[in-house]
Amino acid sequence: MVKQMEDRHSVWIRFCHWVNMISITLLILTGYYIHAPHTFRLFSNMDTPRTIHFAMAYLLCFGVLIRVYYAIVAKDAKNIVFSVKEDTPKFPSMIKYYMFMADSHPYYGKYNPGQKMMYTGWLVMVLLQIITGFILYKPNMFMALGGFLGGYMAVRLIHYIVTWLFVLSVLAHVYLDISEGVPVLKSMFTGKIPADFDHGTHEEEIETGTGVGA
Amino acid sequence: MPTKLSRRDFVRLCAGSAAAISMTGFLAPYMSEAVAAGAPSVIWLQGASCTGCSISLLNTVHPDIKKVLTEVISLRYHPNIMAAAGDLAIQEMFKVAEEGNFFLVVEGAVPTGADGLYCTVGEQNGHHITFENLVKTIGKKSNAILSFGTCSAFGGIPATPPNPTNCKAVDQVVKDVPVINVPGCPPHPDWMVGTIAHVLLYGIPELDTFGRPKMFFSNIIHDNCERRQYFDNGIFAKTFGEPGCMLELGCKGPISHCDASTRLFNGGVNWCVKSGGVCIGCTEPQFPAWPMYERMAEMPVGPATSVTVDQVGIVLGGLAVAGIGGHLAGNIATGRIGPKKEDVEKEGDN
Ligand code: HEM
Ligand code: SF4
Ligand code: SF4
């Protein structure tokens, strides 16, 4: 019998996810070399990483633009945008689950509040990187914006701090998603997830005692 | 005003002028003609400064500075090089200001703490004349203020925290008068003479966001540096005196605007990187509020406390790895990860 599968990620979500993953990974790697070529000996010259950095910068703009457009048009934004009012109250149960103080957690929707917070944070961080990056890339074109942000040194600092934030959050993201189960990881390739995968307990299911994983 | 040199040619000359031709030498005849025809005079004031900008101006080599000062600009007041002194000089300055039609050059930041008493520049009727007050009153009457040097243009060294005298840039103190910023620590003499020439012959030059004349400050040092090939090839000096790009030694070339690398200082002899130093970004509004010989400033984490971004990143990274390790152990201990009875059953369904 074939395992019952249900749709999780549309082809657009998967396409954007991997495009953005590639561009951000390469931006981080080349960025560290640009920052400290003696410490991060990843390349043998400055030409290649800078060319890659700027090419990936445009790819990132493209990937983010499509992702944001999709989120709005396909009404996917509610899945990934953190809502202070609706998502904050869901934190305690999630933290309890992650701290092993509870065996299951309520059904949160597609993503739990922590994930939503991270994905929304990424949008902010990507926009910050794009803004500060283009100020550094075209220092004469965006002089006023650079001055507004506190000058080029501050812009550089923001660009570098946000890079570290990316490294740290990607670390957490990769771990949490893999540890949630291989099906979740697979779903970003195939778009599908087993229909009986435990997404948490629905409230009405708690009452009737029928839910998956209840 | 009779002039054979069009503004376009002038700007091209200023922007393109390399060490090969002396800009001041070329401009001198036009400027003396203008001065002879009654061009505005110049008053030069010094506040919280080290006089370095004046010294740099005195480095104008061709024609020699004497000719520049007596024939090329009608300089009516300068604290260091005028012959008059004391009350005589002060009265002369006020007279020029009353007559109007003059440009005010300001060298040095304006200390505004203690009602400006940290910097007094003379006396009038037995009262101190504070620099702040003088810049305000004389500045209002001038056609335009030329802020020479980073201190007057952006605050520079005197205005860098903790700044006990509350020094400010001229354009923060005087409003309603056009201000041209000619930063540099010190500025190249060509930038100063060229800007004076432009205002005398053609009026206010085209300025960038920070009020700097575009003809001198629209190049990024990093894009015109003779060590750029080292940068592109990934050859970085580890110590001073080594060949290689100075990026890792703290060069601010990638974020600094000026044309020193093609114009060269000291009459076309040398410039900051060629002499084996780094560009310290002396023409930028935030100068010198960053470490000269470090790639990047530290990030503030509390009052008067800062750490490097890498330190924070590594600590947080360590915590994250520890957290992941702990959680992974928990996951395995509670059976959330690893062979579970249900999973085995599920496999069997396939
Ligand atoms: C996730 C996105 C990005 C990451 C992680 C990233 C990372 C980095 C890092 C670590 C550096 C070295 C910083 C320094 O030491 O000054 C850097 C430099 C740079 N980045 Fe990015 N970057 C990203 C996006 C962008 C974008 C969108 C642009 C736009 C063109 C850009 C343009 C630049 C430029 C021009 C530099 C050179 C700065 C300099 O030489 O001081 N970056 N990047
Ligand atoms: S020495 Fe400075 S200005 Fe020259 S290439 Fe290196 S970083 Fe750029
Ligand atoms: S190269 Fe750098 S340090 Fe030298 S004058 Fe220009 S901005 Fe100042």
Side-chain angles (χ1 to χ4, degrees), chain A residues 1-4 33-39 41 43-50 97-100 103 135-136 139-140 142-148 150-165 167-169 171-172 174-176 178-181 183 194 196-198 213, chain B residues 154 208-210 212 214 217-220 222-223 228 230-236 238 245 247-248 252 254-257 281 284-287 289-291 295-300 309-310 312-314 316-317 319-321 323-325 327-328 330-331 333-334 336-337 342-343 346-347 349-350:
Chain A
M1 191 189 128
V2 179
K3 198 191 285 186
Q4 278 288 310
Y33 180 81
I34 296 169
H35 175 72
H38 275 155
T39 318
R41 294 168 187 270
F43 301 88
S44 63
N45 64 53
M46 207 33 117
D47 246 2
T48 318
R50 287 181 88 240
Y97 175 75
Y98 277 126
M99 301 297 282
F100 307 105
D103 283 337
I135 293 172
L136 293 171
N140 282 337
F142 305 109
M143 205 183 264
L145 191 57
F148 173 75
Y152 297 98
M153 187 47 89
V155 168
R156 250 185 178 180
L157 202 58
I158 298 172
H159 203 72
Y160 192 52
I161 291 173
V162 176
T163 301
W164 265 108
L165 290 180
V167 172
L168 296 169
S169 54
L171 208 67
V174 170
Y175 166 72
L176 289 175
I178 292 180
S179 73
E180 226 183 295
D196 59 358
F197 187 81
D198 179 4
Chain B
F154 305 127
D208 72 10
T209 309
F210 301 121
R212 300 176 291 200
K214 281 192 177 168
F217 297 99
S218 50
N219 289 327
I220 293 278
H222 186 55
D223 292 341
R228 178 57 189 254
Y230 285 126
F231 173 88
D232 289 336
N233 291 348
I235 300 168
F236 296 94
K238 285 199 192 71
C245 163
L247 186 76
E248 297 247 302
K252 304 295 179 293
I255 56 173
S256 304
H257 295 78
E284 294 304 308
Q286 293 76 27
F287 174 83
W290 47 52
R295 170 90 164 82
M296 192 171 268
E298 300 192 333
M299 62 187 279
V309 180
D310 290 327
V312 176
I314 287 166
L316 290 181
L319 288 177
V321 169
I324 288 175
H327 196 260
L328 189 63
N331 260 343
T334 55
R336 283 189 200 170
I337 287 185
E342 292 163 9
D343 282 357
K346 270 187 212 156
E347 295 296 326
D349 284 349
N350 282 331

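Worth saying up front: this structure is predicted, and the values here are computed from it rather than measured. So that the names make sense, note that chain A is the first sequence line, chain B the second, and so on, each numbered from 1.
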- A:Tyr97, part contacting chain B, at a heavy-atom distance under 4.5 Å: both
- Which distance, rounded to the nearest 0.5 Å, do you find between the OG1 of B:Thr209 and the CG of A:Leu145? 10.0 Å
- Of the backbone (N, CA, C, O) and the side chain (C-beta and beyond), which part of A:Ser179 lies under 4.5 Å from a heavy atom of chain B, both, or neither? both
- Heavy-atom nearest pair, B:Arg295 first then A:Ile34, reads NH2-O, 3.1 Å
- Query: Between A:Pro37, A:Ser44, A:Gly150, A:Ala172, which shows the greatest number of heavy-atom pairs under 4.5 Å with chain B?
  - Reply: A:Pro37
- For A:Leu171 and B:Val321, run side chain to side chain contact (heavy atoms under 4.5 Å, CB included): C-alpha distance rounded to whole Å, both residues' side-chain angles, the deciding distance at 0.1 Å, then the answer. CA-CA 8 Å; A:Leu171 208 67; B:Val321 169; 4.1 Å; yes
- Message: Among B:Leu316, B:Asn219, B:Leu319, which residue has the highest count of heavy-atom pairs closer than 4.5 Å to chain A?
- Response: B:Leu316
- Message: Between B:Asn233 and chain A, with a heavy-atom cut-off of 4.5 Å, which part of the residue counts as in contact: side chain, backbone, both or neither?
- Response: backbone
- Item | Pairs of heavy atoms under 4.5 Å with chain A: top-ranked of B:Ile220, B:Ile314, B:Ile324 | B:Ile324
- Report yes if the side chains of A:Asn140 and B:Asp208 come closer than 4.5 Å at any heavy-atom pair, otherwise no. no
- Item | Minimum heavy-atom distance A:Met153-B:Trp290, with the two atoms named | CB-CE3, 3.6 Å
- Within a strict 4.5 Å, meaning less than it, do heavy atoms of the A:His38 and B:Glu248 side chains meet? yes
- Query: Any side-chain heavy atom of B:Pro254 within less than 4.5 Å of one from A:Arg156?
  - Reply: yes
- Message: Do B:Val309 and A:His35 have side chains that approach each other closer than 4.5 Å (heavy atoms only, starting at C-beta)?
- Response: no
- Query: Under a 4.5 Å cut-off applied to non-hydrogen side-chain atoms, are B:Met299 and A:Tyr160 in contact?
  - Reply: no
- Query: Do you know which of B:Ser256, B:Gly234, B:Ala289, B:Ser218 has the most heavy-atom pairs under 4.5 Å to chain A?
  - Reply: B:Gly234
- Query: If you look at every heavy atom in A:Phe100 and B:Asn331, which pair is closest and at what distance?
  - Reply: CZ-N, 3.2 Å
- Looking only at atom types and distance, does a side-chain atom of A:Tyr175 sit under 3.5 Å from a main-chain N or O of B:Leu328, one as donor and one as acceptor? yes
- Task: With rounding to the nearest 0.5 Å, note down the distance linking CZ in B:Phe231 to CG in A:Asn45.
- Result: 10.0 Å
- Which region of A:Ile161, side chain (C-beta onward) or backbone (N, CA, C, O), has a non-hydrogen atom less than 4.5 Å from a non-hydrogen atom of chain B, or is it both or neither? both
- Which portion of A:Tyr33 sits near chain B, non-hydrogen atoms under 4.5 angstrom: side chain
- Task: Measure up the B:His257 and A:Tyr152 rings against each other and bin them: parallel (under 30°), tilted (30 to 60°), perpendicular (over 60°).
- Result: tilted
- Examine whether an atom of B:Ile235 lies under 4.5 Å from a heavy atom of chain A, and if so say whether it belongs to the side chain, the backbone or both; otherwise answer neither. neither
